[in-house]
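Naming convention: chains lettered A, B, ... in sequence-line order (proteins, then strands); numbering from 1 in each chain.
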Amino acid sequence: MSDPRLELPQGTLDLLILKAVALEPQHGWAISERLRQISSATLQIRQGSLYPALHRLERRGWIKARWGASENNRRAKYYELTRKGHAQLEAETDAWRRLTAAISQVLETP
Amino acid sequence: MLTDLIHRLRALFARRTVEREIDEELRFHIERQAEAYERGGINRGEALRRARIDLGGLEQVKEEYRDALGVRLADELRWDLRLAARALAATPVVTSIVMLSLALVIGANTGVYSILNGLILRTLPVRDPARLVHVTDSVVTDGATRVRAWSYPAWDQIRQRTELFEASTAWSFVRFNLASGGEARLVDGMWADGGFFEALGVRAVIGRTFGIHDDQVNGGPNGPVAVISYGYWQREYGGAADVIGRTMRLTGVPFTIIGVTPQAFFGLEVGRTFDVIVPVRTEALIRDADSALDSASTNFLSIVARLRRDQSLESASAGLRHVQAEVRAATVGQWEKDTVDRYLTSPFTVVPAATGYSSLRRRYEGPLITIAVIVALVLLIGCVNVANLLLARAIGRRHEMSLRLALGATRWRIARQLLMESVLLSAAGAGLGLWFAAFIGPFLVRQLSTPTTVVFLDVSIDWRVLGFTLAIAAATSLLFGIAPALRASHVPPIDALKDHSRTTTESTRHRVMGWLVVVQVALSVILVVAAGLFIRSFIGLTNRPLGFEPDPVLVVVMDAQRTTAPPLERRPLYERAREAVRGLPGVADAAVSYLSPLGGGGFTPAVQIEHSGAPAVRVDREVFGNLVTAGWFTTYGTPVTVGRNFADDDRHGAPRVAIVNETFARELLGGDPIGRMITIFANTPRAISARVVGVSTDAIHGSPRERVPPTWYLPIAQFDVPEFPFPTARLSVRTSTEAPESLIRSIAAAIADVDPQLALTFRPLGSQLRASLTQDRLMAQLAGFLGALALVLATLGLYGVTSYAVTRRRTEIAIRLALGAAATRVAAQILTRVSILVGIGVAAGTAISLWASTLVGGLIYDLQPRDPATLVGAVLVLSCMAALAAWLPVRRAARMDPVAILRES
């Protein structure tokens with residue numbers, strides 16, 4: 001394990017995916033690129049684990065998929081946030097903020 | 001939840017599409033990733049390679065993806081399904097026998113359930129049936145709702161008090177005659193209040209329904225109008241659209257057809273339907289002088305009300321009781337004092353009417369539930385057979401199973417595959433069974449119909465029946481699937497190493513099969529006992545002394561309401577008809593009467609008896625009466641044993657005379673009948689006293705099932721009660737031919753010569769008698785058939801188990817025979833085991849029968865429910881069948897050639 005980047009904590013990949021598709025529908029590769037660009041310095045995300053995760057979210061009804069044409073006119077599967085997904089994203093973001101705040105507080109208390 | 005299910009189902013059923021989509025999506029990813037590398041100056045081959053590495057190995061990702069999709073479980077299930085189908089197809093004969101027998105029993109269960117559903121569970125085909133109530137004046141007595149009928153004046157009082165309910169309406173069944181004289185053409189009609197359709201929320205499919213403005217004595221603005229049922233429209237008018245506006249003559253009065261009711265609407269009584277509905281006030285137009293609209297004594301209407309949304313049963317009843325005194329006081333008739341008191345005080349109440357009222361339900365609820373239990377037991381026996389079969393097969397495949405276990409299959413996986421076979425079998429059985437049920441239900445309903453009452457019951461398969469079938473299919477597959485599945489999955493893997501091991505699990509396997517035999521035998525005893533009881537009861541009923549000879553008698557119902565004869569002239573008219581018929585060839589005798597046996601209706605006015613030297617005493621039990629002419633007793637072949645018969649000169653003006661039956665003479669007159677005075681309608685202005693001049697043999701009145709009640713007969717000509725207009729009378733004709741029906745034409749012609757406007761209905765007494773035993777005949781036939789089926793199934797099961805045991809122990813038996821054991825000893829040993837099992841089963845079955853037979857006591861006549869002869873007979877029959885089933889394979893075992901067997905193994 002010479003890779004200096006951090007392993008993604010359990011369950012947080014879902015949150016990141018929801019965040020990545022929050023603005024507009026994205027296909028899988030674009031999501032992985034986005035996650036890489038934003039966080040490649042610190043987080044290690046295996047591209048392959050993205051797809052099972054996407055499907056889990058779809059089954060829960062947080063995102064929905066449809067086939068569309070990509071930038072270079074190829075068929076690609078686009079994912080977008082559902083109304084339920086929006087609510088979930090907000091709830092999880094909020095929970096994450098409170099968790100990290102609480103942990104920082106504990107760590108920074110001398 | 002739903003999206004999850006959709007995705008799983010998609011994974012299961014659109015497997016190929018899902019797989020292609022995964023592939024396409026991942027390829028797209030790699031393509032884009034490679035393009036990104038290429039833009040960075042890397043050549044295409046290398047770019048693709050790196051892209052694949054980034055992704056983490058295409059096949060591995062796909063596998064993870066499939067897991068997330070839930071495809072793997074679906075895959076395995078599909079695989080199990082295919083294996084199961086292949087295993088079943090490998091033994092086509094056994095599989096189809098099992099499937100067919102399952103289909104039969106599941107179909108029988110579903111069919112019976114569909115009738116129960118139609119008769120008991122289904123709500124009425126009207127808007128919001130849950131808010132409908134019956135308005136009645138008696139409290140529920142025997143657990144079943146008795147809905148009392150109301151007179152028109154009483155209904156009129158309730159109708160005017162609109163604050164009581166959201167809406168209320170009243171209706172009644174009536175038979176209309178389409179012919180204007182001679183042989184009647186009857187249709188089933190209904191009187192209904194003008195607000196009937198509005199209150200029920202029933203709309204016409206074509207034309208319109210009638211309303212309050214149509215409910216007038218002479219019809220509304222459009223004259224008398226009629227609404228016909230969908231069935232009648234199809235049957236009589238071929239569904240013609242121009243039926244609206246046509247005229248139909250009901251008992252001589254022209255009505256204009258204004259609409260047709262929906263197909264599903266059969267009225268408010270489950271088990272019957274109607275052809276035509278007319279407004280109730282047109283009754284006065286049809287019945288004219290005989291109209292009951294002003295009579296407080298003629299109770300013929302059922303009142304149904306719709307509760308307001310905020311109204312409870314209690315508050316509705318309370319509201320009714322509040323107005324009870326006014327309603328009653330306004331509608332008192334000229335009755336005896338007790339009757340008036342009872343009338344004024346019996347409390348008004350409402351009872352739920354969502355499933356309607358049904359005399360058919362009251363009559364057949366018990367028999368149907370009994371049959372439902374019996375078919376359920378047959379299903380159990382069938383399941384036990386299938387379980388035995390699958391168990392034997394699972395054992396036969398033990399080597400295969402243990403090999404798979406040794407190679408790493410989980411026990412759950414193996415159990416699942418065997419369960420899948422059961423599920424496939426029962427699914428196929430249920431599918432076929434539903435198809436059978438679609439015939440069985442209507443077939444049974446047709447058996448319930450008699451010439452005079454046609455039973456109409458909606459037994460179509462609805463969601464409830466479908467749910468029931470699914471439930472029993474699931475239950476059966478578990479019942480017979482679980483034992484083999486458990487057995488097979490508990491095979492030790494080490495067995496795979498042995499060649500054809502048949503030692504370790506043998507004893508437990510036998511234990512399971514043994515218990516299954518016990519269950520089967522016990523259930524069969526119960527069913528054979530039930531069959532015996534119903535058959536013996538039916539035979540008893542048909543052999544009961546009736547007190548008359550039914551076969552030569554033809555009953556003619558004469559209806560004088562549409563003749564020009566005034567009410568007082570009707571009796572002479574009926575007697576002239578009698579004279580005309582008596583002169584016909586083939587007629588031995590004929591008599592006019594008010595009622596006829598098995599003809600429905602009862603005449604039970606209070607009777608008072610004078611005892612010498614003591615004041616007259618009112619009889620406080622129900623006494624039947626009939627008004628007859630001379631010739632009655634000879635026509636029916638009922639002997640007058642003491643005193644004299646009625647003569648033609650016992651008429652108006654002569655001293656009044658009476659004949660009583662033996663029960664009356666014995667129980668009410670102390671065995672000294674001749675010369676005693678009996679009085680009917682005592683203490684009213686209509687009181688009639690007559691002197692007893694003769695005693696006749698007991699004869700049944702309403703049904704062969706009931707005890708003969710005390711009965712009196714008066715000459716119809718001496719019954720001078722002006723309130724009795726005799727709208728109808730019966731002419732009973734004793735024919736000297738074998739087939740009384742053959743005289744219908746000449747009798748009709750003879751009566752038409754007397755008055756062509758007399759409406760006639762012909763009822764051969766013999767067929768009426770058979771019709772009155774429909775229920776008992778059907779019970780005997782069904783129970784007999786199902787009992788026989790149970791017996792056959794149990795015998796087959798026992799035979800199967802015994803011969804299987806013998807086959808498995810061939811080597812052992814052969815060795816013992818070779819070592820010099822006597823064949824009889826070997827046979828005795830096997831037979832002992834079987835006898836013990838059968839013995840336990842018979843004992844358990846007998847015990848359960850002793851308890852259960854009291855439950856059907858109400859359906860059995862002339863017989864104790866614990867009839868010893870039936871019980872002993874059932875035990876004997878079962879033991880014989882069991883002995884035969886066990887002996888055949890054992891004989892084969894004892895006769896086998898040990899050398900050949902030993903060489904073989």
Side-chain angles (χ1 to χ4, degrees), chain A residues 3 5 7-8 11 13-14 17 20-21 25-37 39-40 43-85 87-88, chain B residues 1-40 44 47-75:
Chain A
D3 197 324
R5 292 177 299 177
E7 281 269 3
L8 204 53
L13 178 60
D14 290 358
I17 292 174
V21 297
Q26 302 271 17
H27 51 69
W29 183 74
I31 297 171
S32 97
E33 269 302 287
R34 200 177 170 81
L35 294 184
R36 196 179 59 82
Q37 282 167 7
S39 65
S40 62
L43 291 177
Q44 175 198 352
I45 304 171
R46 198 168 61 85
Q47 286 179 8
S49 62
L50 179 70
Y51 288 93
L54 276 171
H55 199 79
R56 266 199 309 277
L57 296 178
E58 195 186 347
R59 263 169 57 183
R60 284 184 198 143
W62 293 343
I63 58 176
K64 62 181 180 203
R66 65 182 164 73
W67 288 91
S70 73
E71 312 81 79
N72 54 359
N73 254 339
R74 286 191 48 195
R75 227 165 84 87
K77 202 173 180 182
Y78 280 85
Y79 296 89
E80 62 184 308
L81 215 53
T82 62
R83 190 191 296 263
K84 239 169 100 182
Q88 183 65 22
Chain B
M1 237 6 250
L2 187 67
T3 44
D4 186 48
L5 185 69
I6 290 170
H7 278 101
R8 275 177 192 275
L9 287 179
R10 196 159 170 260
L12 188 60
F13 292 111
R15 184 74 166 83
R16 219 164 276 168
T17 318
V18 170
E19 197 64 40
R20 209 187 50 231
E21 284 182 7
I22 294 177
D23 196 62
E24 193 174 348
E25 189 175 19
L26 295 180
R27 270 183 205 295
F28 175 78
H29 180 103
I30 291 170
E31 193 62 38
R32 291 302 302 267
Q33 187 69 33
E35 279 169 20
Y37 279 126
E38 279 181 275
R39 274 198 296 278
R44 178 151 177 86
L48 277 173
R49 200 183 67 86
R50 284 202 194 170
R52 281 205 192 91
I53 292 171
D54 284 352
L55 189 67
L58 191 56
E59 282 314 310
Q60 194 188 338
V61 173
K62 272 190 184 175
E63 199 54 43
E64 280 176 40
Y65 204 167
R66 283 184 200 120
D67 272 0
L69 277 166
V71 168
R72 205 172 78 182
L73 184 68
D75 259 0

Given heavy-atom pairs under 4.5 angstrom as the criterion, report whether the side chain, backbone, both or neither of Glu21(B) touches chain A. both
Please flag which part of Glu33(A) lies under 4.5 Å from any non-hydrogen atom of chain B: side chain, backbone, both or neither. side chain
Enclosure of Arg27(B) CZ (heavy-atom neighbours >12, cutoff 6.0 Å): no
Say you draw a straight line from CH2 of Trp29(A) to CD of Glu25(B); how long is it, rounded to the nearest 0.5 Å? 14.5 Å
Checking Leu26(B) against chain A: side chain, backbone, both or neither under 4.5 Å from a heavy atom? side chain
Under the side chain to side chain donor-acceptor pair (under 3.5 Å) test, which residues partner Arg75(A), sequence neighbours left out? Glu24(B)
Provide the closest heavy-atom pair for Ser32(A) versus His29(B) in the form atom of the first, atom of the second, distance. OG-CE1, 3.6 Å
Is there side-chain contact between His27(A) and Arg32(B), with at least one heavy-atom pair below 4.5 Å? yes
Just to verify, what does Arg49(B) make a salt bridge (Lys or Arg N to Asp or Glu O under 4.0 Å) with, not counting sequence neighbours? Glu46(B)
Spacing of Tyr51(A) atom OH and Ile22(B) atom CD1 [to the nearest 0.5 Å]: 12.0 Å
